[in-house]
Amino acid sequence: RASRNKARSMVASKKGVKPTSIKGDVGHRKAISRGGVSTLANLFVQSPSNNRSFSRTKSGAMRSEISKRERKGR
């Protein structure tokens with residue numbers, strides 16, 4: 001959670017707004033799981049539907065292995 005907040009505040013300071021006023025999610029051009037880092041060059045704002053791959057339950061478990069994008073293409 002701390003790294004998410006740090007990334008959000010970095011993008012907000014670049015745009016000159018408050019971190020809570022950013023509409024959408026802060027995404028990474030190169031995912032952290034694939035060796036990306038939370039630097040300004042690697043961060044951008046995107047819609048939540050594009051940033052979140054699978055729908056989740058309250059506990060955070062995946063509801064389905066098929067993403068909304070894949071389901072639409074079928």
Q: If a pair satisfies salt bridge (charged side-chain N to carboxylate O under 4.0 Å, His left out) and one of its residues is in residues 28-41, list it, with sequence neighbours excluded.
A: none
**Q.** Heavy-atom pair with the smallest gap, counting every atom of Leu40 and Lys14
**A.** CD2-CD, 2.9 Å
Partner residues of [X] under the side chain to side chain contact (heavy atoms under 4.5 Å, CB included) criterion, sequence neighbours left out:
{"X": "Val37", "answer": "Thr39"}
{"X": "Ser21", "answer": "Val17, Lys18"}
{"X": "Asn5", "answer": "Arg1"}
{"X": "Lys6", "answer": "Met10"}

**Q.** Minimum side-chain heavy-atom gap Val26-Arg4 below 4.5 Å
**A.** no
Q. Who passes side-chain hydrogen bond (donor to acceptor under 3.5 Å, both in side chains) against Thr20, sequence neighbours left out?
A. none
Q | Contacts of Ser47 that satisfy side-chain hydrogen bond (donor to acceptor under 3.5 Å, both in side chains) - sequence neighbours left out | A | Ser49, Asn50
(Q) With side-chain contact (heavy atoms from CB on, under 4.5 Å) as the criterion, how do Arg8 and Ile22 come out once you've worked through the C-alpha distance, each side chain's angles and the decisive distance to 0.1 Å? (A) CA-CA 8 Å; Arg8 191 170 198 72; Ile22 294 176; 4.0 Å; yes
(Q) Who clusters with Ile32? Use side-chain heavy atoms, under 4.5 angstrom, across I, L, V, M, F, W and Y, and order the result by chain and number. (A) none
